[in-house]
Amino acid sequence: MKRWIVTALSELGLAVVCLVGAVVSWGDARHTTEFATGADQPGFVAVRYLPPLLMLATVLVIVAGLLVIDAVARIWTARAVAPRPVEPMH
């Protein structure tokens, strides 16, 4: 297999791994806590976000996007520069 194909496929695979990590990180960044009704206060649900996990998810999405752009550029460049058969002169 050609080197650019292996590189492009590995970049796309790494991009998928980054996106999966971003989804997991984003899901774990939100914590909810339910507070019961008190004597003079109604019950409510508090939501707490963890900024480091949100930042990790953001960075992983950015890295995945850069990897996809690079892989597409490699594929596009390799197809545009592909050697064409030489026709014999008459």
Under 3.5 Å, which donor-acceptor pairs link side chains of residues 13-34 to any protein atom two or more places apart or in another chain?
unit_1, atom_1, unit_2, atom_2, d
Ser25, OG, Leu53, O, 2.6
His31, NE2, Asp28, O, 3.3

I'd like a table of donor-acceptor pairs (distance under 3.5 Å, sequence neighbours excluded) in which one partner is a side-chain atom from residues 40-49, with atom names and distances.
none

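At a threshold of 4.5 Å between side-chain heavy atoms, the hydrophobic network of Ile, Leu, Val, Met, Phe, Trp and Tyr places Val72 and Trp4 in two separate groups.
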Exercise. Do Leu50 and Leu54 pass the side chain to side chain contact (heavy atoms under 4.5 Å, CB included) test, and can you show the C-alpha distance, the side-chain angles, and the key distance before you say yes or no?
Worked result: CA-CA 7 Å; Leu50 300 174; Leu54 293 176; over 6 Å; no
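For the atom pair Ile75 CD1 and Leu12 CG, the distance stands at 5.5 Å (nearest 0.5 Å). Rounding to the nearest 0.5 angstrom, the gap separating the CD atom in Glu11 from the CG atom in Leu66 is 10.5 Å.
No donor-acceptor distance shorter than 3.5 angstrom exists from the side chain of Thr77 to the backbone of Arg74, with no hydrogens or angles considered.
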